[in-house]
Amino acid sequence: MIARELREIIAAAISEAAAAGEIPAVETPDFVLERPRHKAHGDWATNAALALAGSIGRSPRDIASILAARLREKGLSPGDEGEAGTLREVEVAGPGFINLTLSRDRVLRELARVAGEGKDYGRWDFGGGRRFNVEFVSANPVGPLHVGHGRWAALGDALCNLLAMVGYDVDREFYLNDFGTQMEVFAASVEARYLELSGVHAEFPAEGYHGTYVVDIARTLLEEDGGSCTGRPGAERRAELGERAYRIALAHIKDSMESFGVHFDTWYSERELQQGGAVEKEVRGLLEDGLAYEKDGAVWMATSRFGDDKDRVLVRTGGAPTYFAADIAYHLNKMQRGYDHLINIWGADHHGYVRRMQAAMEARGHPDRLEVILGQLVNLKRGGEPVRMSKRTGEMVTFDELVAEVGRDAARYLFLTRSQDTALDFDIQLAVEESMDNPVYYVQYAHARICSILRYGMGKGVDLSEDVPALETLRLLASQEEWDLALKVFEFEELVRDAALDRAPHRLTRYLEELAATFHVFYNRHRVISDDSGLTAARLFLARCVRQVLLNGLGILGVSAPESM
RNA sequence: GCGCCUGUAGCUCAAAGGAUAGAGCAGCGGACUUCUAAUCCGCAGGUUGGAGGUUCGAGUCCUCCCAGGCGUGCCA
């Protein structure tokens, strides 16, 4: 690939210059190689001379001149008017940048590589097949998902695709908090609604879930059993209704995720963990290993010994384990399942929890294995007025409503254009209106346009074979717009790597918009299919490369690439 | 009080420490007899919250201040 090749050439130029005594021998510095913002600065640019200046103590421009001479020698190999090598031009600029312009044939060869790699273009193997577990959404299964969960679904799924693209073996996991307090509150709420609907007076629990969906679930239960639960003993009735309501809520969540295109490999049940004794066993183990102790009638874990601000309760006075205790057992369970690395995507409201969880992992011999990605919250609004997203108050906009109104592609894209570090103000009405202008259509349109060109070509009897045209033919690509497009295509590989390493899928949306824009400009300026069969073949080939990258990129985001719009 | 995140165009947001801070939307003006006008071209829009500092270079890193969000439970 071009970037790697350029890096190697630059590194070689540095060591050769040092060997020749032109500069003092130093370790090759970390230098930047990037696409410059301005076209006048070449196709690629490096700050290698600036990076060397500090340790060498000579002016950056002098060093740049020395390196540039070496680069010219290496990059501009003779023959074919200087086009056979990697570079066409090497220039020292500004405070000491070296601007590089690629040779025409090198660009065309790279284009052929893009076509050759096809759906694997952008793939890396530095993950080495290491097993990653990515846990996300993990909403309490006591009602429908709300809009905020959509952000984690879109983010988690895209991140998993990115990680898989760079060579990790990724599993998606959803943790079900199907045990404990909130399940009991849920059961009590459903029971009360069930009784009300049956015409029996019932006291609604003080802290119960007021959402209308609870009534809907109760109605479904009533329709199922004809009210036969009404006369049963309270505890028994509540347990049964709670259990059936849970199944309904869970099925709903699974449907929502699948129809959003997010498939979880594992739905891990806290209940199984608890009922299998894993939580108690872990608490005992921590006590035995001197990592936990009893105080004030409770059991505490000594997380402060591992970087936490203070120790945390594992078992409350009265014997009930905390969520934290269960979470320790759960995360150790993940490790036992053979994962090399764990990633959790949590809302920012859980950030106070990160330190103690990592402390627990460290205490159990897994330092640095748990990575927590904190996503800032979605602030829901309706007509400019804030709406609290709470199952308790029941006032919420569901995830399904959003997807139904703005569509799956627009919803996914909407969530992915923003970095997870930024809080997202989300007005459902505005979202519906703005979905008409959603940049996702801009990107998809570029793809549809290319497909349209191919259809048109077919009608015209143009040769649509997918063979790479001969170099002679590709050399007909000579306009500024065509070069811009080719170079934009080449950015994809490094972008995928960087986005994966930085856990930043949003960069991909930005890139795809740039690629689409570059294509639209090209399209408006040049006809792909014309009477010139050579030029037609060359441009069709270029368009195909663009299409491939659009496909690969949209695929990572989990957004469809329609052939017509 | 302490901790994490954020503050960039009217709005929503970009910008691995790089050169003249960019897109979309909104606004104004243009381009369809030609492969899809969900497109393109142009204009306008900025003291990157403020003040210091680090260095060849700071929206980005450091310190302090201001503002907003979220935490700071024997809740989950």
Side-chain angles (χ1 to χ4, degrees), chain A residues 32 34 36-38 40-41 45-47 49-50 53-54 59-61 93-97 99 140 177 180-183 185 207 270 295-300 309-310 312-318 320-324 326-327 347-355 374-377 379 414 417-425 430 433-434 436-446 448-457 459-460 462 494-495 497-499 501-502 504 506-507 509-511 513-514 516-517 519-530 536 539-540 543 564-565:
Chain A
V32 174
E34 64 183 355
R37 264 203 270 262
H38 303 284
H41 298 151
T46 181
N47 70 344
L50 289 156
S59 104
R61 281 200 67 110
F97 290 103
N99 295 335
N140 289 336
N177 298 124
T181 313
Q182 85 277 354
M183 291 301 288
V185 172
E207 295 291 309
E270 179 186 356
K295 193 184 87 178
D296 305 334
V299 179
W300 299 69
D309 297 333
K310 56 180 181 182
R312 308 290 175 173
V313 172
L314 291 172
V315 182
R316 293 189 282 260
T317 308
T322 59
Y323 182 88
F324 180 49
D327 239 11
D349 53 341
H350 286 71
H351 95 260
Y353 200 74
V354 176
R355 185 68 62 83
L374 286 179
Q376 295 300 309
L377 298 179
N379 300 314
L414 185 68
T417 46
R418 277 90 164 179
S419 154
Q420 62 265 21
D421 288 338
T422 205
L424 178 55
D425 277 335
L430 221 55
E433 287 165 26
E434 283 179 356
M436 302 303 288
D437 299 314
N438 195 310
V440 73
Y441 300 124
Y442 183 85
V443 177
Q444 288 180 320
Y445 188 57
R449 256 187 164 167
I450 294 169
C451 293
S452 174
I453 293 169
L454 293 172
R455 282 193 298 272
Y456 178 82
K460 287 279 185 181
V462 170
E494 293 215 301
L495 187 107
R497 184 198 56 196
D498 293 346
L501 288 176
D502 295 346
H506 74 277
R507 288 210 199 134
T509 66
R510 190 64 54 163
Y511 168 76
E513 286 162 40
E514 288 168 8
F519 176 76
H520 286 312
V521 169
F522 158 76
Y523 177 91
N524 274 275
R525 183 81 176 73
H526 302 284
R527 258 195 94 73
V528 174
I529 289 169
S530 66
T536 297
R539 287 181 173 162
L540 269 176
S564 65
M565 291 175 73

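In the text below, chain A, chain B and the rest are named by the order of the sequence lines, each starting its count at 1.
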If you count every heavy atom of other residues, nucleotides or ligands that lies below 6.0 Å from A/R355 atom CZ, does the total exceed 12?
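Not more than 12 within 6.0 Å, no.
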Both atom distances under 3.5 Å, Watson-Crick or G-U wobble: I'd like the secondary structure of RNA chain B as a dot-bracket string, with | for pairs made across strands.
(((((((..((((....[...)))).(((((.......))))).....(((((..]....))))))))))))....
Applying ring pair (Phe, Tyr, Trp, His ring centres under 6.0 Å), can you list everything that pairs with A/F519, at least two apart in sequence or on another chain?
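Here the qualifying residues are A/F522.
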Syn or anti for B/C64, with syn set at within 90° of 0?
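Anti, since the glycosidic angle lies more than 90° from 0.
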Contact class for [X] vs. all strands (heavy atom < 4.0 Å): base, sugar-phosphate, or nothing?
{"X": "A/H506", "result": "sugar-phosphate"}
{"X": "A/A320", "result": "nothing"}
{"X": "A/A298", "result": "base"}

What about A/T322, does its side chain sit under 3.5 Å from the base of B/C74 through a donor-acceptor pair?
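There is none.
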Is A/N99 side chain donor-acceptor paired with the B/A19 base, going by distance under 3.5 Å alone?
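Indeed, a donor on one side and an acceptor on the other fall under 3.5 Å apart.
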The side chain of [X] lies closest to which of these nucleotides: [options]?
{"X": "A/H351", "options": "B/A37, B/A19, B/G71", "value": "B/G71"}
{"X": "A/T422", "options": "B/C13, B/A38, B/A76", "value": "B/C13"}
{"X": "A/H38", "options": "B/A19, B/G69, B/C74", "value": "B/A19"}
{"X": "A/E34", "options": "B/A76, B/G18, B/U6", "value": "B/G18"}
{"X": "A/P36", "options": "B/A16, B/A19, B/U39", "value": "B/A19"}
{"X": "A/V313", "options": "B/C74, B/A38, B/A14", "value": "B/C74"}
{"X": "A/I529", "options": "B/C35, B/A37, B/G22", "value": "B/C35"}
{"X": "A/Y523", "options": "B/C35, B/C74, B/A14", "value": "B/C35"}
{"X": "A/R510", "options": "B/A76, B/A14, B/A38", "value": "B/A14"}
{"X": "A/K310", "options": "B/C74, B/G73, B/A16", "value": "B/G73"}

Sugar-phosphate atoms are those with a prime plus P, OP1 and OP2; base atoms are the rest. Using that split, label each nucleotide of nucleotides 54-62 of chain B B, S or - for protein heavy atoms under 4.0 Å, 5' to 3'.
--B------
The contact string for nucleotides 26-34 of chain B, one letter per nucleotide 5' to 3', using protein heavy atoms under 4.0 Å with B, S and - for base, sugar-phosphate only and none, comes out as --------S
According to salt bridge (Lys or Arg N to Asp or Glu O under 4.0 Å), who are the partners of A/R497, at least two apart in sequence or on a separate chain?
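Per chain and number, A/R497 pairs via salt bridge (Lys or Arg N to Asp or Glu O under 4.0 Å) with A/E494.
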Residues which pass salt bridge (Lys or Arg N to Asp or Glu O under 4.0 Å) with A/R525, listed by chain and number, not counting sequence neighbours:
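Salt bridge (Lys or Arg N to Asp or Glu O under 4.0 Å) list for A/R525, sorted by chain: A/E481.
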Which residue lies more 5' along RNA chain B, comparing A/T317 with A/M436 via nearest heavy atoms
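Its nearest nucleotide being more 5', the pick is A/M436.
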